[in-house]
Structure formats: C-alpha cells, structure tokens
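The block underneath contains the structure these notes are about, expressed in structure tokens.
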Amino acid sequence: MASLTPPNLSLTSELRQEQFCLTSKCKVCFNALGPSHLNWKPSSLPTSTASALHISCSQGYEVRPTGIPAFSMNLSDTVSDSDVSYVTNMIREYTTNGLFEDAIVVYLEWLNYSVPTQLPFFPSLIKAFAGLLDLRTGRQIHGHVLKFGLFTDVYVANSLLALYWKCGSFEDALQLFENILNRDSVSWNTMISGFDQSMLPLQALMMFRRMVQELGVIPNRVSCLSALSSCSSCGSLVHGKEIHAFVTKNGLDLDPSLVNELIGMYTKCGHLRNAEQVFGIFLERESLSENTVVWNAMISGYVFNGCFLDAFTLFQKMLVLGVKPDSSTIVTVLVLCSHLLDIKVGRQIHGHIVRFGLKLDARIETAMLDMYCKCGEIQDGLNIFERSSNVNFVMWGAMIAGCAQNGCSRKALELFSKFMVEGGLADPITVLAVLRACSSLTLNLNGMETHGLTIKMGFSSDVFIGAALTDMYAKCGDIESAQRIFRGLSERDVISWNALVSGYAQNDYADEALKAFHEMQYELVRPNTVTFASILSVCARLSALILCKQIHCYLIRNRFEANVLLSNSLISAYSKCGNIKSALILFNGVSERNEISWNSMISGLGMHGLVDDMLALFDRMKAAEMKPDHVTFTAILSACGHAGRVDEGWRQFRSMVKDYNIKPELEHYTCMVDLLGRAGHLDQALNMILGMPCQPDGQIWGSLLASCKIHCNEEMAERAADYLFKLDSSRMGYQILLSNIYEDSGKLDNVTMIRTAVKDMGFKKKPGCSWLEVDHNLHVFVANDRSHYQSEQIYATLEILTEEIKGAGYIPQLYPVIIKHDEASG
DNA sequence: CTAGGGTTAG
C-alpha cells in the first residue's frame with residue numbers, strides 16, 4: 001500500500017446524514033456542518049489539574065435533552081464509593097446521549113476535586129473524547145491515561161484504540177495496539193474493523209491472519225464479520241473461502257449475521273453459486289428460514305450481479321413462503337423494478353407497502369421516485385416528491401436526476417435552484433445531474449455557475465464531475481474549456497476520454513478527435529461503444545473510408561458488432577464515406593434494428609440519389625411495423641428534392657401529416673422549399689415559406705435564393721434576399737449569391753455595390769478546398785492552386801475529362817467564374 | 001466498564 005491517507009472516520013449518525021460520501025470511486029468527503037457545532041466557548045472552570053494537562057472546555061448546550069439530569073458536584077472531603085459511582089454514572093449518561101462535552105466537564109470538575117486513584121469511568125470518558133472526533137484532544141486523554149498509570153487496564157487501552165480509529169489516525173491506533181501487552185479479542189476486533197471501515201481491507205485481513213496465528217485469542221463472530229466485509233471490499237474470494245471454512249469449523253455458521261455476511265461476500269466477489277449454497281443451507285434450518293434480512297441479502301446479491309430475474313423470482317418465493325418483507329426488501333425490489341423497467345410490479349409494490357405494514361420513509365420514497373422516473377413516469381415521481389414528508393438531499397438529487405434523464409432539463413435546473421435557495425448543500429451526485437441538464441440544454445452560463453459551485457464545494461477534481469464538466473463545456477461549444485478541464489484531471493477513465501472525443505467530434509475538430517482517440521489507447525484506456533460511435537461519426541465527416549473499415553474490423557474482432565448503436569454508426573459512416581453497398585450489407589445482416597437503423601439506411605440511400613431503393617426501404621420499414629418519425633421524413637423529402645421528384649415529395653409531405661400525424665417542422669419546410677425551388681416552382685416555394693406556422697430562418701430563405709439563381713428569377717431573388725438580410729445581413733455567402741444573380745442578369749452596378757459592401761464589412765471568403773488520402777498521404781487542393789507536385793498531370797487529366805464529358809452532352813455554365821480575380825486576391 | 005454492520009435509497 002503506497003499511500004495510506006486515513007479518511008475521516010465514522011461521524012455520529014446525526015452528522016452522517018449531513019455528510020456526503022460518493023461511491024467508492026469518488027473520494028470526495030466533506031463535513032457539511034456549520035462551524036458552530038464544535039465551537040467551545042472559553043472555559044468558565046479551568047481547574048488546576050486540568051489546565052496543567054491542557055484540557056479545557058465549556059458546556060456548549062443551553063438546553064439539555066429531557067430526562068438527563070444536570071450534574072452538580074457536591075462532594076464531601078473524602079471521596080466515597082457513592083461519589084465515584086455518581087460521577088461514573090453521569091459520565092456514562094452524558095456520553096451515551098451524545099453530550100460529550102458535558103461528560104468531559106464532569107471529569108474536569110472531578111479532577112479539580114480529587115487526585116484519582118481508582119477511575120472506573122475512564123472507558124466511558126474516553127468514548128466521550130472519541131465523540132469529539134478531534135485527534136489532538138484525543139491524544140490529551142491518552143496522556144492522562146499514561147500519567148495515572150491506567151494503560152494496563154485492557155478496557156482503557158481498547159477504548160483509546162477505538163478513539164484513534166474514530167479520529168482517523170490509524171498510525172496512532174497501530175502504535176498503541178503494538179504496545180498493549182494483554183491484548184484481548186476486543187483489541188483485535190477493534191483493529192480489524194478499524195481497517196475494514198477505513199477501506200483498508202488488506203490490512204484488515206493481515207490483522208485477522210495475525211490474530212489466528214498468534215496464540216491466546218481465537219477470532220470470534222465479530223472478527224469474522226469484519227474480515228468477511230474486507231474480503232467483499234477487495235473482492236478476495238480466496239480469503240473469503242478461508243474465513244468461511246474457519247466459520248464452519250468453529251460452529252459459527254448458525255449465526256444469522258455471519259450467514260448474511262457470507263452471502264454478501266460471495267455475491268460481491270461475483271460467486272453467486274457459493275452464495276446460493278450458503279443461502280440454501282440457511283433455508284433448511286427452520287428456525288432461521290424466516291429471517292427477512294438474509295432473504296434481503298440474497299435478493300440484493302442477485303441485483304448487485306445484474307441477475308434481475310433471479311432476484312425477482314426469489315422475492316416471489318419469499319412472499320409465497322410467507323416471509324414478511326421489510327422496508328429494506330421493498331427498497332431493493334424497487335431498485336430491481338427500475339432495472340427491469342417494470343412499472344407494473346413497481347406500482348404493485350407501491351400499493352402493497354401499507355399492506356406489508358410498512359411506513360413510508362425517505363429511502364422507500366426515493367427508490368420509488370427513482371423507479372417511476374427510470375420507467376419514464378416522471379409525473380408519478382414528482383407526485384411522490386411533492387407529497388413526501390421525508391424529503392432530504394438524496395431525494396432532491398433523485399428528483400433532479402429523474403428530470404434530467406427524462407428530457408426535462410429545465411425542470412431539473414428549476415428544482416436545483418429551488419433546492420439551493422432553500423439552503424440545500426450541493427453534493428457531487430446531484431451536481432452531476434445538473435451538469436448533464438446544462439449540457440443537454442447547451443446552457444454554458446449555468447454550466448459555468450455549476451462549475452464554480454464544484455470548486456467552492458471542493459469536488460471539482462472528482463473523476464465523475466471532471467468528465468461531466470468536460471462534456472458540458474464541449475456540448476456548449478467551448479472546446480478550450482473542455483480541454484483545460486480534461487487536461488487538469490488527475491485520473492482519466494473511458495468516460496472522461498469519451499467526453500473529450502465526442503466533444504471534438506461534435507464541434508468539427510475531426511483531427512483532434514482522432515488524435516485523442518489514439519492518445520487514450522496509448523494511455524491504455526480501452527475505448528468502448530460510445531468512443532467508437534463518436535469516432536465513426538468523425539470517419540463519416542472526413543469520408544475516411546479506410547479508418548472506417550479498420551474500426552469495423554476491430555469491432556468484429558471484439559464482438560461489438562451486435563450493438564445497435566455501433567451498427568447504426570457503421571451504416572451511417574459507410575453511407576457518408578460513399579460506400580453504400582457496405583452499408584446495405586450491414587443493414588441487411590444485423591440482428592437488431594431500431595428506428596435509427598432504418599433512418600440511417602433510408603437517408604444513406606437518399607444521399608446517394610437512389611430514391612426508388614429508398615422508397616422501397618421505406619415500405620419495408622412500415623411493413624416491419626417501425627414508426628417513421630420526423631427524421632425519416634426529412635431524409636425522404638431531402639432525397640426527393642435532390643432527385644427532382646416533385647410529385648413524390650408532395651405525396652410524402654402530405655402523408656407525413658395525414659397518415660403519421662407528424663407536424664411538419666422547419667426542417668421539413670426547408671426540404672419542401674428546396675424541392676419546389678429546384679424544380680422551378682418558385683411561387684409555390686415562396687408561398688410555402690409565407691404560409692408555414694413556424695418562423696423562417698436564414699437557411700430556408702437562402703435555399704429559395706439559390707433556386708432563384710438556378711432559374712434566373714431576379715425579382716423573386718430580391719424578395720428572398722430582402723427577407724433573408726432582415727434576419728441576418730452578415731451572411732456573406734448569400735450576399736455573393738445575390739451578386740451572382742445580378743451578374744447573370746447583367747446588372748453590374750448592383751454587383752459592384754454588393755461586393756464593395758461585403759469588402760467594407762471586412763469579410764473574406766475562404767476558398768473552397770478539397771482533399772483526398774492516398775496511402776496515408778493527404779493531398780489538398782484549392783481552386784486555381786498549382787502547388788501540388790503532380791499538378792501538371794492533374795490538370796492535363798482534367799482537360800481530357802472535360803472534353804469527354806462535353807462529348808457526352810454536358811454544357812458547362814461559365815458565367816459565375818467572373819468573380820474569380822476578386823477571390824484569388826483575397 | 002471496552003470492540004460490535006445482517007440487508008436498503010439518488
């Protein structure tokens with residue numbers, strides 16, 4: 001073990017509720033208590049002995065819980081046995097009720113009064129010090145122990161041991177332990193469970209081994225419980241089996257707690273069969289077989305291993321046998337329903353909670369709320385949340401995440417802001433959901449605010465948060481911030497790499513995406529389905545057919561080909577790389593197809609101008625009882641437009657509304673305007689824009705303008721341009737387009753005017769550029785560019801080709817070339 | 001007197 005940072009050990013249960021601990025991977029831990037809690041006022045009663053020993057404190061509590069008497073020292077000159085027992089009782093009373101400071105005050109008063117000889121209250125007193133969770137103060141009472149010669153008392157020594165574990169110093173505990181000469185089972189068990197609970201399972205197991213080997217004390221049930229728990233933590237089946245054997249040999253296997261811990265150990269090590277065996281033996285003992293907790297352990301063991309049906313079957317068996325479910329069972333089964341997305345059973349459980357005689361608590365409500373949200377029933381989730389009287393920060397988090405997962409990102413952000421206004425403290429899991437909401441809404445500002453929050457709360461460098469921040473910035477288009485966050489991460493897993501890679505891919509940083517893809521593999525992080533989907537989208541964008549094929553091969557070798565997400569990505573990538581044949585082979589060969597598969601294939605065929613094949617596939621889609629959606633129709637209308645299939649386009653457009661009840665959106669109108677315009681029906685196109693229920697954007701006017709150019713309709717072009725430039729006059733491409741239209745009709749004054757205006761605005765057109773890859777070498781071509789080393793041959797070949805095309809009947813349109821000199825100089 | 005996990009929530 002390289003570095004052993006002792007975590008903040010168990011806080012009292014009251015504090016624990018306010019403390020945020022993430023899953024094992026997240027190391028974030030912080031105490032959300034205000035500063036007032038341990039704020040000792042200056043002591044009103046420093047005593048000679050006490051001040052000599054540097055201990056002082058005051059009573060921080062004005063109001064004492066009812067039933068606990070106030071302490072008053074009223075002792076005679078000589079200490080009597082009854083005085084000792086009074087003080088002892090008071091210290092114990094205060095300590096067990098969490099009034100640690102009061103207990104210590106009693107001790108300080110006692111010190112003021114008597115030099116101790118016989119101190120039966122020390123174990124309780126040390127417990128009070130342990131309750132303060134402060135190592136420095138804890139060491140002081142250790143000093144008292146040494147000074148008064150009490151260390152030989154094993155009870156006292158064990159109490160100190162527990163104190164050091166509680167204060168988070170396993171070094172002190174270990175040193176102390178080695179100094180105890182008369183170690184008993186409690187000493188050993190305190191060490192084993194200390195290591196175990198501090199997430200140092202190997203040390204715990206080493207302690208257990210030492211305990212077995214050193215003569216004198218035999219491990220008991222407590223030792224085995226802690227040791228088995230450590231086996232679960234580190235997934236050590238070998239040690240677990242050893243301890244199992246030890247348990248059996250020593251006749252401890254009748255102990256229900258141990259049975260439970262054994263089931264837990266085997267299931268967490270992934271050995272369900274051993275767990276089932278232990279459970280089976282347990283079932284045979286009639287005296288135990290109705291122990292609900294053991295049933296719970298086995299059911300949640302199945303859930304832990306993803307064996308949801310087994311878990312459900314066992315739950316049913318439990319009910320049949322009349323074993324009464326408790327609230328833990330219910331929570332587990334609700335989690336099970338959310339995994340199975342089985343809303344029906346979930347609702348039944350909801351209904352049966354009262355019948356089982358159970359009270360709704362925060363855990364049940366949270367699990368139920370989550371179940372409803374995961375099954376898409378967000379309103380039911382909200383109802384639980386709004387009616388609950390047990391709302392805590394976990395439930396808030398569940399509700400916020402539930403909204404974010406169901407596409408109600410705005411509602412998620414609203415809830416979070418309400419949570420914060422009401423004084424809630426942001427914890428990492430909730431913030432994760434909030435960041436996802438920001439990223440899906442591309443709300444950069446809210447995202448930055450949330451980023452600030454993570455810094456303030458001290459979990460900005462957490463792995464999960466880091467990945468979510470990277471993703472959020474990337475989705476909002478701020479790729480520099482995404483990079484900065486990513487490079488600052490101390491640990492990069494596949495999730496954070498995916499955030500970066502997909503961020504590059506979505507923002508058209510194709511080269512960076514590929515670079516990152518290679519870099520992550522160099523760092524031995526294995527790409528997963530999400531990575532490949534991103535990279536395939538990059539392949540499509542770059543038309544990188546070879547890379548596409550390489551990835552396809554990799555996916556086949558690694559048995560990823562059955563994944564729908566990836567087969568869809570491949571179909572789309574092959575289509576966009578121009579290899580429609582491979583796309584079709586893939587599409588026809590896959591075992592699973594969803595709407596996206598059909599849409600990808602349909603739009604692929606459309607892009608390739610294969611309209612009849614596309615329509616045939618569309619019929620197949622309908623025959624397969626797949627529901628066409630707005631994406632399907634966008635692909636179809638766009639293909640009809642490019643192929644000049646006006647009637648077919650109209651037919652599909654009407655059918656979309658009539659047969660499929662899909663409201664046409666801007667994208668569909670744009671396709672129709674394009675289709676009508678290209679075919680020369682400019683009036684119809686204009687009427688379509690003016691008549692549509694949504695706001696026209698620049699693109700749709702631009703499409704009409706382009707059609708006006710094709711059909712030399714200057715008048716309509718002016719109308720379209722008028723609308724277009726009212727929306728956005730800075731679209732230089734469209735300005736040039738309009739000037740070209742004037743050029744065609746010979747209005748050279750207008751041409752000059754536009755060109756000057758464009759120049760005055762300081763715009764420059766980027767020259768068009770194309771490239772191709774031959775044997776891993778990239779060849780780039782710009783208009784009029786002769787820099788390529790083979791350009792002589794290339795242009796010679798071009799000339800030959802042009803002649804051949806002309807021979808086949810092609811008549812080149814020459815007039816738009818006039819602007820060339822302008823561009824070339826720019 | 002001291003150690004002391006049976007299972008369970010986002």
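Proteins get letters first, then strands, A, B, ... in listed order; numbering begins at 1 in each. Given the structure is predicted, the values throughout are model-derived calculations rather than measurements.
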Integer-rounded Å distance: [N] [atom2] and [X] [atom1]:
X      : N      : atom1 : atom2 : value
A:W295 : B:dT7  : CH2   : P     : 18 Å
A:K268 : B:dG6  : NZ    : P     : 13 Å
A:K127 : B:dT2  : NZ    : P     : 5 Å
A:R363 : B:dG10 : CZ    : C1'   : 11 Å
A:Y94  : B:dC1  : OH    : P     : 22 Å
A:D184 : B:dA3  : CG    : C1'   : 8 Å
A:K359 : B:dT8  : NZ    : P     : 21 Å
A:D370 : B:dT8  : CG    : C1'   : 13 Å

Quiz item: [X] side-chain donor-acceptor pair to [N] base, under 3.5 Å:
X      : N      : answer
A:T366 : B:dG10 : no
A:N220 : B:dG4  : no
A:S226 : B:dG4  : no
A:S229 : B:dG5  : yes
A:D427 : B:dG10 : yes
A:N390 : B:dA9  : no

Q) Under the side-chain contact (heavy atoms from CB on, under 4.5 Å) criterion, do A:L132 and A:I104 qualify, and how do the steps go? A) CA-CA 10 Å; A:L132 298 178; A:I104 294 167; 3.4 Å; yes
Per [X] side chain, nearest of listed nucleotides [options]:
X      : options              : result
A:N158 : B:dT7, B:dT2, B:dG5  : B:dT2
A:P123 : B:dG10, B:dC1, B:dA3 : B:dC1
A:N260 : B:dT7, B:dA9, B:dT8  : B:dT7
A:I429 : B:dT8, B:dG10, B:dA3 : B:dG10
A:A362 : B:dA9, B:dG6, B:dG4  : B:dA9
A:S159 : B:dT8, B:dT2, B:dA9  : B:dT2
A:K374 : B:dG10, B:dA3, B:dT7 : B:dG10

Checking all strands, does [X] fall into the base, sugar-phosphate, or nothing category for heavy-atom contacts under 4.0 angstrom?
X      : answer
A:T88  : nothing
A:V294 : base
A:N291 : base
A:N89  : nothing

Q: Using the six-membered ring of A:F121, assess whether NZ or CZ of A:R92 lies under 6.0 Å from its centre and within 45 degrees of the ring axis.
A: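 Output no; distance or angle outside limits.
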Q: Determine, answering yes or no, if A:Y155 is stacked on B:dT2 under the 5.5 Å centre rule and the 30° plane rule.
A: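 No; centroid distance or tilt outside limits.
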Q. Has the side chain of A:D196 got a donor or acceptor atom that lies under 3.5 Å from a matching backbone atom of A:A227?
A.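 A pair under 3.5 Å: no.
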Q.
Using a 3.5 Å distance criterion without hydrogens, assess whether the side chain of A:D184 forms a donor-acceptor pair with backbone atoms of A:V186.
A.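 Judged by distance alone, yes, a pair lies under 3.5 Å.
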Q: Sort out for me which residue in A:Y302, A:F279, A:F315 forms a ring pair (Phe, Tyr, Trp, His ring centres under 6.0 Å) with A:W295.
A: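 Testing A:W295 for a ring pair (Phe, Tyr, Trp, His ring centres under 6.0 Å) against A:Y302, A:F279, A:F315 leaves exactly one candidate, A:F279.
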Q) Considering all heavy atoms of both residues, which atom of A:C375 and which atom of A:I343 are nearest to each other, and what is their separation? A)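 Heavy atoms only, the tightest pair is CB-CD1, 3.7 Å.
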